[in-house]
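Chain identifiers are assigned alphabetically (A, B, ...) following the order of the sequence lines, protein sequences preceding nucleic acid strands; residue numbering begins at 1 within each chain.
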Amino acid sequence: MAYDSRDIASFKNVWVFCEQRQGKMMPTSYELLSEGRKLANELNVDLCGILLGDDIEELAKDLGKYGADKVYVYDSPFLKNYTTEGYTKIICEAVQEFKPEIMIFGASNIGRDLAPRCAARLHTGLCADCTHLDIDMPNYKDFLREASTLTEERISGLGVIRLFGEDHDINMDMKMTRPAFGGNLMASIVCPRFRPSMATVRPGVMKKVVLETPHACEIIHPDFVLTEGDFDTEVLEVVKAARKMVDLIGADYIVSVGRGISKDIEGGIKLAEELADVLGGVVGSSRAVVDAGWLPADHQVGQTGKTVHPKVYVALGISGAIQHQAGMKDSGTIIAVNKNETAPIFEIADYGIVGDLFKVTPLLIDSIKKIKEEK
Amino acid sequence: MKIIVTVKQVPDTSGRIAVNPDGTLNRASMQTIINPDDLNAIEAALDLKDELGCKVVAITMGPPPAEGMLRELMAMGVDESILVSGREFSGSDTYATSQILAAAIDTYGIDEDDIIMSGRQAIDGDTAQVGPQMAEKLGLPQVSYAGEIKKEGNTLTIKRMLEDGYMTLRVKTPCLVTCIKELNTPRFMNVWDILHTYEKPLKVMDYEALKDHPLMDKSTIGLQGSPTNILTSFTPPLKGAGRILEGSGKETTDELAGILSDKHII
C-alpha cells in the first residue's frame, strides 16, 4: 500500500534514532531509549532503535539494556560518516516501510540537521528540542499541574483539539513540551493529523535507565541500496576537538562568570576555576564572556549555548538576562553574586549575595573549604 | 551568481520578556531585532560578495513592518530584498513556513552557482528547522552549523561544527548553508548604503504572486498546512522567591556554606 502520512491507523511502534559517531554511541541515544521505553509502555507497543553506520553490529547488541525490543541496523561503508542525504534516504525509506507512529531524535547538531529534513520529506510534524514527552493523558495533566500556572479548569478540559471543524482526540497522541522565547513560555505541541509524530529531544534532559534484566532485543537488517549517486556532499575529514571540551551538561556543579569580571578578566576566571575546583565542578559563562572572546564557546550557558541542570549553579557577575536564564534556571540550587541588587539573576537565585565578586568569591572559597574539611 | 539569505524579525530576548495573562507573548510591548544568527548569514554573504562580486538578496516572511528590517540589511550592503507577506501564511509552523519560503525562492529563481544562506536558528522558536526543511523542499543539498565557508568555482568547502569537533565537507552549488555566530562578526551599516537603501529594489510576494507554484497549496501552508498544532502554551510557575543574604563579608559566605552543607548540597 502506498505510504500516506495521514493514514494514522497504519502506523505503530516507537522509534529512536540511535546516533553514533566514529563507532561510539552518543550518550543521548540511551536517554532517548529509556524515554522511548516509557512511551512504548503507555502505548503498549514495541520500542525500536534505528542505527546507521559502518561496522556497528556490536553497538546494536547493547540496546536491549535500555529497553529496545528491536533494532533496525543499516550497516554500510557509505554510512561511516554522517551525511544529511545518506541518512535521510535510509531513515525515510525505513519509515515508509515499517511505519512507526513516533520517532525521536537527540537534539544534537546532527539530530537537528537530520530530523527536519526527514520530516519535510515524509510530510509530517516535528517538534524541536523537547524537554518533556507524554502519551498518557492523566500523566500529562499531572505534569501541567506541577509545571504550569494553568488553571485546573483549563487542565482538566484538555483531551480534544478542534481543527478546521473537526475534532481530534489527542488522548493517545504524543504531547511534546518545549521551551520557547528562551524558556519564558512553554508550549505543548501535538501532531494529530500526521504520522510519525516526530520530536528532537534536548541532550541531558531525559534519564537513562539501565534495565536489570535486558530486553531480548531482535536485530533486523532490512534491505537497502545506497550508491555514490545518492550523495551530494563529500566528507573530507572528521576532526575531534584538540582541546577537551568542557562537559557542562554532565556537571553537578557549575560556576559561571559574566560581564562582571571585566575589570580583571584573568583574575575573574581564575577565581571561578578555584571555586569550581573546590566544589568539584566546571566553569561556565554568559554569552557576553564568549562574545568578548574571554572564554571559548563551549563554556557558554544560555539560549544560544548549553542548557544545564547541575545540582548547584553559581553565577558570578552575571546579570541574568532572559537568554542566560533559559539555559540554567532549572538548576537545583542557584547562587548569585552580583554588585547590582536589581540584577534579574536575583529573581531566580535561591541565595544571593550583593557584593563585588572579586571580594566575595575568595571568601566563599575559604568558607566552603572549611566546611568540607570539617566533614 | 547570487546569494539569497533568509532572515527573520524576532522579539529581543536579551532584555525582559512580556507575557500576557493567557500565556501568550505580548509582542506589542517588546522590541524587535533582526535574528542574531541571520546577521551572521548576511555577513557571510556580504563577505563572498566582497570577494567575488555577486549579488546578495535578503528574503523574509512576516508582516509589512518587516520592511524596516530589510531596509536596514540593504543599508549594510544587501542589494535586493523580498518580503513574503499575506494573511494566508499566518499560523504556519516550520513545515508550512519552509514550503512558502521555498516557493518564493524558487519563483525568484535559483541558478547553478547560487547559494541560499540562513541563520542556524531564530531566537523566538529556537527550532533550527526551517533551513533544512527549505533545502528539502527545494531539492538542494544542505550544510548546517557552518563555521567556515570557502568557495571555489561551483564548489563550497565548509566546516560543519559538531559538539565535539567538526567535519569538513565539500558540496556543489546550488546548496543551502546555515550559519552559526562563530562564523564571523556582522558589519555595521555604511554611509553609502544607508543613503541608497530606499533606491534598492524591494519586492513583495503575497499569496496571489505565489499561488501557482507547485509547492503552494492551501493544504500545505498557513495554519491548515501545519502538521503540528499547539495544544497549550503556559508560563512555568515562579520559583519561590530566593533569599538575599545579609552583607557580603566572611560571615555571609560562612552562612551560605553552612546552609549548603546542612542541605547536603555540598
Counting only non-hydrogen atoms closer than 4.5 Å, does Lys359(A) touch chain B with its backbone (N, CA, C, O), its side chain (CB onward), both, or neither? neither
Okay, Glu182(B) and chain A: the region with an atom under 4.5 Å from a heavy atom over there is side chain
Please answer whether the main-chain N or O of Gly125(A) pairs with a side-chain N or O of Thr228(B) as donor and acceptor at a distance below 3.5 Å. no
Less than 4.5 Å to any heavy atom of chain B: does that hold for the side chain of Thr177(A), its backbone, both, or neither? side chain
Under 4.5 Å to a heavy atom of chain A? For Ser226(B) that would be backbone
Which heavy atom of Pro132(B) sits nearest to which heavy atom of Arg112(A), and what is that distance? CG-O, 4.2 Å
Find out whether Phe231(A) and Pro141(B) are in side-chain contact, i.e. whether some heavy atom of one side chain is under 4.5 Å from a heavy atom of the other. no
Student check: side-chain heavy atoms of Ile189(A) and Ile230(B) closer than 4.5 Å: yes
Under 4.5 Å heavy-atom distance to chain A, tell me which part of Gln121(B) shows up: side chain, backbone, both or neither. side chain
Portion of Thr178(B) that has a non-hydrogen atom of chain A nearer than 4.5 angstrom: neither
Under 4.5 Å from a heavy atom of chain B, the part of Leu126(A) involved: both
Min side-chain heavy-atom separation Ile123(B)-Gln323(A) under 4.5 Å: no
Does Asn229(B) reach the main-chain N or O of Pro192(A) with its side chain, forming a donor-acceptor pair under 3.5 Å? no
Is Arg21(A) close to Leu162(B) at the side-chain level, that is, under 4.5 Å between some pair of heavy atoms? yes
Is there a side-chain contact between Pro236(B) and Lys329(A) in this structure, where contact means two heavy atoms from C-beta onward sitting under 4.5 Å apart? yes
Any side-chain heavy-atom pair from Lys250(B) and Asp366(A) closer than 4.5 angstrom? yes
Using a 4.5 angstrom heavy-atom cutoff, name the option from Asp93(B), Asp124(B), Ile158(B) with the most pairs to chain A. Asp124(B)
For a quick test of reading the model, state the closest non-hydrogen atom pair linking Pro116(A) to Gln129(B) and the distance between them. CB-O, 3.7 Å
Between Ser248(B) and Leu363(A), the two heavy atoms sitting closest are O-CD1, 3.9 Å
Taking the basic N atoms (NZ, or NE/NH1/NH2) and the acidic carboxylate oxygens, is any pair closer than 4.0 Å for Arg178(A) and Asp126(B)? no
I want to check something: taking the side chain as every heavy atom from C-beta on, are Tyr140(A) and Leu231(B) in contact at a cut-off of under 4.5 Å? yes
Once the angle between the rings of Phe234(B) and Phe143(A) is folded into 0 to 90°, is it parallel (under 30°), tilted (30 to 60°) or perpendicular (over 60°)? perpendicular
At a heavy-atom separation under 4.5 Å, does Tyr166(B) approach chain A through its side chain, its backbone, both, or neither? both
Segment of Ile259(B) engaging chain A (4.5 angstrom heavy-atom cut-off): side chain
Ranking Met167(B), Glu163(B), Lys181(B) by heavy-atom pairs under 4.5 Å to chain A gives rank one to Glu163(B)
Measure distances from Ser261(B) to the heavy atoms of chain A and classify the residue's part below 4.5 Å as side chain, backbone, both or neither. both
Pairwise distance CD1(Ile371(A)) to OG1(Thr253(B)) - rounded to 0.5 angstrom: 10.0 Å
Count the heavy-atom pairs under 4.5 Å between each of Asp129(A), Leu158(A), Asn81(A) and chain B, then report the option with the highest count. Leu158(A)
Minimum heavy-atom distance Ile266(B)-Tyr253(A), with the two atoms named: CA-OH, 4.0 Å
Main chain of Ala119(A), side chain of Glu136(B): is a donor-acceptor contact present, judged purely on distance under 3.5 Å? no
Whether Ser233(B) side chain and Ala187(A) backbone form a donor-acceptor pair below 3.5 Å: no
Test side chain to side chain contact (heavy atoms under 4.5 Å, CB included) applied to Val239(A) and Lys159(B), step by step: CA-CA 10 Å; Val239(A) 179; Lys159(B) 253 189 193 181; over 6 Å; no
Given that the side chain runs from C-beta out, which part of Leu279(A) has a heavy atom under 4.5 Å from chain B: side chain, backbone, both or neither? side chain
Determine whether a donor-acceptor pair (N or O, by modelled atom type, separation under 3.5 Å) exists between the side chain of Arg160(B) and the backbone of Ile110(A). no
What part of Leu260(B) is in contact with chain A, defined as an atom under 4.5 angstrom from a non-hydrogen atom: side chain, backbone, both or neither? side chain
Report yes if some heavy atom in the side chain of Tyr95(B) is under 4.5 Å from a heavy atom in the side chain of Thr124(A); otherwise report no. no
Interface moiety of Leu245(B) toward chain A, non-hydrogen atoms closer than 4.5 Å: both
